[in-house]
Amino acid sequence: MNVTRAMGAAMPRIHVGNALSAFGLGFTVPYLYVYVAQVRGLGAMTAGLVLAVFAVAALIALPFAGRAIVRRGPLPVLLAALVLSALGALGLGLAGSAVSVLLTAAALGAGQAVMQPALATMIVDCSTTATRSRAFAMQFFLQNLGLGVGGLIGGHLVDTSRASSFTVLFTIEATIFLLLAVLMATVRMPRAPRLTDLPSGSTGGGWRQLVRNRAMVQLCVLGFVLFFACYGQFESGLSAYGVEAAGISTSTLGTALAANTLMIVVAQFAVLKLVERRRRSRVIAVVGLIWTVAWLAAGYAGLGHGSQEMATAAFVSTYALFGLGEAMLSPTVAPLVADLAPEGMAGQYNSAFALVKQLALAVGPAIGGPLGASLHAPYIVTFALFSVAISVLAVRLGRRLTPAQDHPWAAHAKSRVVARGGAPAESVSA
C-alpha cells in the first residue's frame, strides 16, 4: 500500500516535469538558427553546426545515461540533466563566439536528450502494466502542449534586432530548468530494482543483453522507421515539398502544424480506451496504414491537378493524419519498451529507444529535405513505402511478443477473473 501511495503521489509531479521540460525545448530551440546566424552574426555555417552539435551531443550522452539510470535511478540522472541544461541555456544566452556557442549548445542538447529517458523511467517506476498506457498518453499530451505553448511564448519575446531579448529568453529557460530541478528533488520515488540490486550474472552486460533481446531489436528497427518517416520529415522534407511542389505558403505551413497539434489534443484521450484494449502490434500496423493515406494526400496536394484550395486542404489533412497516428502510438510504443525490459533495466531500454529516435531525427531531415525539395514524386513514393513498411514490421514484431506484452489489457482482465475465482483464462475473450 505504501508503494502504491508513493506511486500516486509522484506521478503528478512527473507529468509537470514532462510539461515544463517540453516547454523549455519549445521555448528556444526553434530560434537557435536565427539567434546564432543573424543575431550573433556568426553566419549560416556556424548555425548549422550548432544544430548538428545539438543532435550529436544527444547521441553521445544517451548510452551513458541509460547505464546511469539503471545503476543510480532516474531521479538523480534527471536532476543532473536539468542542471546541465540550465547551464547550457544560460551560456547560450551570453555566448558571443563560435566556440562558446558550440560548447553551450552541446551542454543543452545533451541535457535535454537525457531528460526524456529519465522521465520515462520514472513513469515506468510509478505505474503498473494496467495504468502505463494512460500515463504515457498523458506524457505525450503534456509534451505537445508544452512544446506548443513554449514556442508561442518564445516567439513573442524575441526580437532579432535586439540580442538582449534572446539573452532574456535563454535566461528564462535556464530558470525554468532550475526550478524544475527543485520541484523534482521533492519527488519520493517508490523503490525499484537497480542493476546493483541484481545478481551480476543476470545483467548480461547491459547493452549485450539488450541486443540479445530480439523483440527489442525489432522494436528499435520499427521505431527508427516510425520516427524517420514522420517526425524526421515535419520541418524538413515535408515542408520543403509543400512549398516547392504544392505551392504552400509559410502561413499554411503554420496552419498544418497547428492541425497536427490540435488533432493530438482532441484525439489523444478519445482513442486511448480503444487503443489500450487492442493488440499493440496491430495498433502500430494501423498507424502505418493511416500514415500511408497521409502521404497519398500529400501526393495529391503537390502532384495532383486540383485547385490551390484543394491542395491546401490535402496538405493540412496530411499533418492532421500524422497527428492521429501519433495519438495512437503514444500509449502503445513507450509502454511496450517498458514491458520488454527485464526487471531493473527500464532505464537502459528507454535510453536505447531514445537513441534510435535521435538517429532517425538526424538522418530524416538530411535525406528528406533535399528529396522533398527537388524530387517530388520519388519523395512521396519513398515515404509512402516506408509507411507500408511500418505495418509489415509491426505484424512481424507481434509474432515475437508474449500475450502480456502485446495485449496487456486482456492479460490483466484474465488475471482479475482468475483472482475472483471465475472462468478459466481461455474462456475470456482476447
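- Looking at Ile123 and Asn18, their side chains come closer than 4.5 Å, going by heavy atoms from C-beta outward.
- Taking the side chain as every heavy atom from C-beta outward, Arg279 and Leu401 never approach each other to under 4.5 Å.
- The CE atom of Met11 sits 12.0 Å away from the CZ atom of Arg134 when rounded to the nearest 0.5 Å.
- To the nearest 0.5 Å, atoms CG (Leu79) and CG (Leu180) are separated by 8.5 Å.
- Between Met216 and Val337, the closest side-chain pair of non-hydrogen atoms falls below 4.5 Å.
- Minimum heavy-atom separation, Gly368 to Tyr379: O-CE1, 3.6 Å.
- In this structure, Val53 and Ala106 approach most closely via the heavy-atom pair CG1-CB, 3.6 Å.
- Side chain of Ser133 to main chain of Pro331: a donor-acceptor pair is present (N/O by atom type, distance under 3.5 Å, no hydrogens or angles).
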TODO: Apply the test side-chain contact (heavy atoms from CB on, under 4.5 Å) to residues Thr255 and Thr312: give CA-CA distance (whole Å), side-chain angles for both, the deciding distance (0.1 Å), then the verdict.
DONE: CA-CA 10 Å; Thr255 301; Thr312 298; over 6 Å; no
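- Taking both residues in full, the closest heavy atoms of Gln405 and Leu336 are given as O-CD1, 3.7 Å, listed atom of the first, atom of the second, then distance.
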- [ ] Begin from the C-alpha positions of Ile176 and Leu179 and carry the test side-chain contact (heavy atoms from CB on, under 4.5 Å) through to its verdict.
- [x] CA-CA 5 Å; Ile176 290 172; Leu179 290 175; 5.8 Å; no
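- Not a single donor-acceptor pair under 3.5 Å links the side chain of His407 to the backbone N or O of Arg280.
- Inter-residue side-chain proximity for Leu329 and Phe140 is flagged as unmet; no heavy-atom pair is nearer than 4.5 Å.
- Remark: Leu92 CG to Leu102 CG distance equals 9.5 Å, nearest 0.5 Å.
- Partner Ser281 forms a side chain to side chain contact (heavy atoms under 4.5 Å, CB included) with one of Leu219, Asp406, Leu222 and no other, that one being Asp406.
- Counting all heavy atoms, side chain and backbone alike, Phe224 lies closest to Leu359 at CE1-C, 3.9 Å.
- Counting only distance, with no hydrogens or angles, the side chain of Thr131 and the backbone of Ser127 share no donor-acceptor pair below 3.5 Å.
- In this structure, CD on Gln112 lies 9.5 Å from CG on Leu82, to the nearest 0.5 angstrom.
- Between Pro335 and Phe136, the shortest heavy-atom contact is CG-CD1, 3.7 Å.
- For Gln233 (side chain) and Pro365 (main-chain N/O), no donor-acceptor pair under 3.5 Å exists by modelled atom type.
- If you take CD1 on Ile390 and CG on Leu385, they are separated by 11.5 Å, rounding to the nearest 0.5 Å.
- With contacts defined as side-chain heavy-atom distances shorter than 4.5 Å, the pair Tyr349/Asn213 qualifies.
- Gln308 places a side-chain N or O within 3.5 Å of a backbone atom of Ala246 that can act as its donor or acceptor partner.
- Considering every non-hydrogen atom in both Arg132 and Ala338, the closest pair reads CD-CB, 3.9 Å.
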- [ ] Let me see the working for Gln209 and Gln348 under side chain to side chain donor-acceptor pair (under 3.5 Å), right down to the final yes or no.
- [x] CA-CA 10 Å; Gln209 182 186 23; Gln348 189 98 48; over 6 Å; no
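- A distance of 8.0 Å separates CG in Leu90 from OG1 in Thr175, rounded to the nearest 0.5 Å.
- Atom CZ of Phe64 has 12 or fewer heavy atoms from other residues, nucleotides or ligands within 6.0 Å.
- Looking only at distances, no side-chain donor or acceptor of Ser351 sits under 3.5 Å from a matching main-chain atom of Pro117.
- Under the side-chain hydrogen bond (donor to acceptor under 3.5 Å, both in side chains) criterion, no residue pair touches residues 357-376, with sequence neighbours excluded.
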Task: CA sep, side-chain torsions, deciding dist, call: Thr171, Leu94, side-chain contact (heavy atoms from CB on, under 4.5 Å) - done: CA-CA 9 Å; Thr171 302; Leu94 299 174; 5.9 Å; no
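- Below 30°, between 30° and 60°, or above 60°: for Phe322 and Trp295 the angle between ring planes is above 60°, a perpendicular geometry.
- In this structure, Ser330 contributes its side chain and Ala137 its backbone to no donor-acceptor pair below 3.5 Å.
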Open item on the list: Using the rule given for ring pair (Phe, Tyr, Trp, His ring centres under 6.0 Å), can you reason through Tyr319 versus Phe315, listing the C-alpha separation, both sets of side-chain angles and the distance that settles it, and then say yes or no?
Closed with: CA-CA 7 Å; Tyr319 277 79; Phe315 192 76; 5.4 Å; yes
Task: Steps toward side-chain contact (heavy atoms from CB on, under 4.5 Å) verdict (Met122, Met184) - done: CA-CA 11 Å; Met122 291 174 73; Met184 299 308 290; 3.6 Å; yes
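- Aromatic ring pairs are classed by plane angle as parallel below 30°, tilted from 30° to 60° and perpendicular above 60°; the pair Phe227 and Tyr231 is tilted.
- Here the side chains of Val265 and Asn144 are not in contact, with every heavy-atom distance at 4.5 Å or above.
- Between Asn350 and Ile69 there is no side-chain heavy-atom pair separated by less than 4.5 Å.
- The backbone N or O of Ala298 lies less than 3.5 Å from a partner atom in the side chain of Tyr241, making a donor-acceptor pair.
- The closest side-chain heavy-atom distance from Leu321 to Trp291 is not below 4.5 Å.
- A donor-acceptor pair is defined here as one N or O able to donate and one able to accept, closer than 3.5 Å; such a pair exists between the side chain of Arg40 and the backbone of Ala95.
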